[in-house]
Amino acid sequence: MTEAATQSPTPVEPSFEPPQGMRSLRVLARLLDYPTQELQDASGELIEILHAERRLGAALKSSLMGWCQRLQEGDLLELQAEYVAMFDKGRATSLLLFEHVHGESRDRGQAMVDLMAEYSAAGFELDARELPDHLPVFLEYLSLCDEAEIGRWLGEIRHILALLTARLEEREADHALVPLSLLALIGAEGDVEEHRPQVKKEAPDNTPEALDAVWEEEAVRFSATSDEDCALQSAEGRRLAERKHTVQSQPVRIMPAPSLNASSAPSVDR
């Protein structure tokens with residue numbers, strides 16, 4: 001895989017790269033990046049990597065590769081405008097993982113501190129402007145982990161991935177294929193179904209009226225809370241990272257790669 005295929009617009013520089021990492025996770029990370037000419041130029045290589053990923057089913061890989069081709073052939077300015085409309089207005093489709101759990105409260109800050117500690121302990125150092133809970137950055141980290149660790153982390157955030165998939169599907173966005181693929185890696189695609197009724201009832205949060213209402217609400221809630229509240233928020237903010245170490249549950253495993261022959265290889269629709 002060449003440098004162009006996995007280079008992020010906001011580079012992440014790991015200090016090591018274990019051989020067991022999954023290159024397809026880097027491809028999924030790139031597909032969630034803001035579209036650039038570099039991404040369009042690398043689309044052919046992204047398709048090759050996805051085609052070689054045997055952990056994903058043929059239909060899902062075909063959809064992902066078709067999306068890569070549409071990115072390659074699309075008008076860049078239109079792709080960028082669609083991206084901004086999808087991810088930079090409202091929070092329903094935010095790519096910031098902890099925003100779906102903590103919103104903008106201070107517990108999210110502590111959760112990010114703990115996630116950064118996880119990165120540092122693994123030798124993964126960020127050299128980017130993105131926050132550590134930005135999903136593409138998180139996928140960069142996972143791409144360096146072994147399959148047991150990948151499965152454990154995807155199991156931790158499966159509820160976020162399922163909700164994000166349902167919301168992106170409701171907006172008919174190709175981006176829904178990324179969280180759906182992550183769920184497929186742990187055999188949890190069915191989780192999306194339970195969120196679809198809720199998502200259909202949700203009012204749009206990306207209209208000017210909705211954005212103004214959120215701004216006004218945050219201005220009111222910015223008033224100081226008690227020291228006790230701060231302590232509780234810090235404890236809550238550590239919940240996700242702590243649970244990763246303390247809950248002795250059934251391990252979540254990456255789905256095994258099926259045997260692949262020439263007749264079953266997916267093709268890219270043109």
Side-chain angles (χ1 to χ4, degrees), residues 28-29 31-32 56-57 59-60 63-64 67 82-112 115 131 133-139 142 150-218 220-221 232-233 235-244 247 249-250 252 255:
L28 295 178
L31 289 174
L32 288 182
L56 296 174
L60 188 51
S63 295
L64 285 164
W67 177 21
E82 291 170 359
Y83 185 95
V84 170
M86 185 64 59
F87 296 112
D88 292 350
K89 296 181 179 180
R91 294 176 176 170
T93 57
S94 174
L95 297 179
L96 299 170
L97 295 173
F98 292 141
E99 188 163 330
H100 294 281
V101 180
H102 303 300
E104 291 298 323
S105 62
R106 279 172 290 185
D107 20 340
R108 181 180 169 214
Q110 182 60 53
M112 286 194 291
L115 183 57
L131 295 171
D133 64 334
H134 190 238
L135 183 53
V137 172
F138 185 66
L139 293 179
L142 289 189
I150 294 169
R152 182 186 306 178
W153 271 115
L154 292 180
E156 287 286 339
I157 65 170
R158 62 189 289 177
H159 60 296
I160 301 174
L161 296 174
L163 180 59
L164 186 58
T165 300
R167 286 172 170 169
L168 290 170
E169 285 181 348
E170 184 68 15
R171 301 187 187 190
E172 300 181 346
D174 284 326
H175 302 84
L177 292 169
V178 173
L180 182 62
S181 297
L182 298 174
L183 290 169
L185 287 174
I186 57 173
E189 306 99 307
D191 289 9
V192 181
E193 191 61 38
E194 67 182 85
H195 293 283
R196 290 195 174 108
Q198 166 198 337
V199 168
K200 288 185 179 296
K201 297 177 183 178
E202 290 179 344
D205 73 340
N206 57 351
T207 63
E209 295 79 11
L211 294 173
D212 287 344
V214 170
W215 178 265
E216 292 172 1
E217 180 184 358
E218 287 183 346
V220 172
R221 294 176 58 191
L232 290 173
Q233 288 172 345
E236 176 68 9
R238 290 192 295 270
R239 182 166 57 90
L240 181 60
E242 288 175 350
R243 192 173 67 218
K244 174 175 176 289
V247 174
S249 59
Q250 191 91 23
V252 180
M255 296 296 287

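Everything numeric here is computed off the predicted structure, so don't read it as measured data.
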**Student:** Side chain to side chain donor-acceptor pair (under 3.5 Å) with Glu172: which residues, sequence neighbours excluded?
**Tutor:** none
**Student:** Check Glu193 against Pro197 and note the closest heavy-atom contact, atom names and distance.
**Tutor:** O-CD, 3.4 Å
**Student:** Would you sort out whether Asp174 and Leu31 count as a side-chain contact (heavy atoms from CB on, under 4.5 Å), showing the intermediate values?
**Tutor:** CA-CA 9 Å; Asp174 284 326; Leu31 289 174; over 6 Å; no
**Student:** Rounded to the nearest 0.5 Å, what separation is found between the OG1 atom of Thr165 and the CZ atom of Arg158?
**Tutor:** 12.0 Å
**Student:** I want to check something: taking the side chain as every heavy atom from C-beta on, are His175 and Thr93 in contact at a cut-off of under 4.5 Å?
**Tutor:** no
**Student:** Locate the shortest heavy-atom distance separating Tyr83 from Leu32; write the atom from each residue and the value.
**Tutor:** OH-O, 2.7 Å
**Student:** Looking at Arg196, Glu194, His195, which one forms a side chain to side chain contact (heavy atoms under 4.5 Å, CB included) with Val192?
**Tutor:** Arg196
**Student:** Is there side-chain contact between Leu161 and Asp191, with at least one heavy-atom pair below 4.5 Å?
**Tutor:** no
**Student:** Considering non-hydrogen atoms only, spot the tightest contact between His159 and Glu156 and give its length.
**Tutor:** CE1-O, 3.2 Å
**Student:** Between CG of Leu183 and CD of Glu189, what distance do you get to the nearest 0.5 Å?
**Tutor:** 7.0 Å
**Student:** Under the criterion side chain to side chain contact (heavy atoms under 4.5 Å, CB included), which of Ile157, Leu182, Leu135, Leu97 is the partner of Leu164?
**Tutor:** Leu135
**Student:** Looking at CG of Leu168 and CE of Met86, how far apart are the two atoms once the value is rounded to the nearest 0.5 Å?
**Tutor:** 6.5 Å
**Student:** Please give me the minimum heavy-atom distance between His100 and Ser94, naming the atom from each residue.
**Tutor:** NE2-O, 2.7 Å
**Student:** Quick one, Leu177 with Leu60, criterion side-chain contact (heavy atoms from CB on, under 4.5 Å). Give me CA distance, side-chain angles, the key distance, then yes/no.
**Tutor:** CA-CA 8 Å; Leu177 292 169; Leu60 188 51; 3.9 Å; yes
**Student:** Before giving the answer on side-chain contact (heavy atoms from CB on, under 4.5 Å), spell out for Leu28 and Leu64 the whole-Å C-alpha distance, their side-chain angles and the decisive distance to 0.1 Å.
**Tutor:** CA-CA 9 Å; Leu28 295 178; Leu64 285 164; 4.1 Å; yes
**Student:** Under the criterion side-chain contact (heavy atoms from CB on, under 4.5 Å), I'd like the reasoning laid out for Val199 against Leu163: C-alpha separation, chi angles, the key distance, then a yes or no.
**Tutor:** CA-CA 8 Å; Val199 168; Leu163 180 59; 4.0 Å; yes
**Student:** Mind checking the CZ-CG spacing from Phe138 to Leu154? Nearest 0.5 Å is all I need.
**Tutor:** 6.5 Å
**Student:** Show the nearest heavy-atom pair for residues Ser181 and Leu56, with the distance to one decimal.
**Tutor:** O-CD2, 3.7 Å
**Student:** Give the intermediate values and the outcome of salt bridge (Lys or Arg N to Asp or Glu O under 4.0 Å) for residues Glu170 and Arg167.
**Tutor:** CA-CA 5 Å; Glu170 184 68 15; Arg167 286 172 170 169; over 6 Å; no
**Student:** Return the minimal non-hydrogen interatomic distance between Pro136 and Ala29, and the atom names on each side.
**Tutor:** O-CB, 3.5 Å
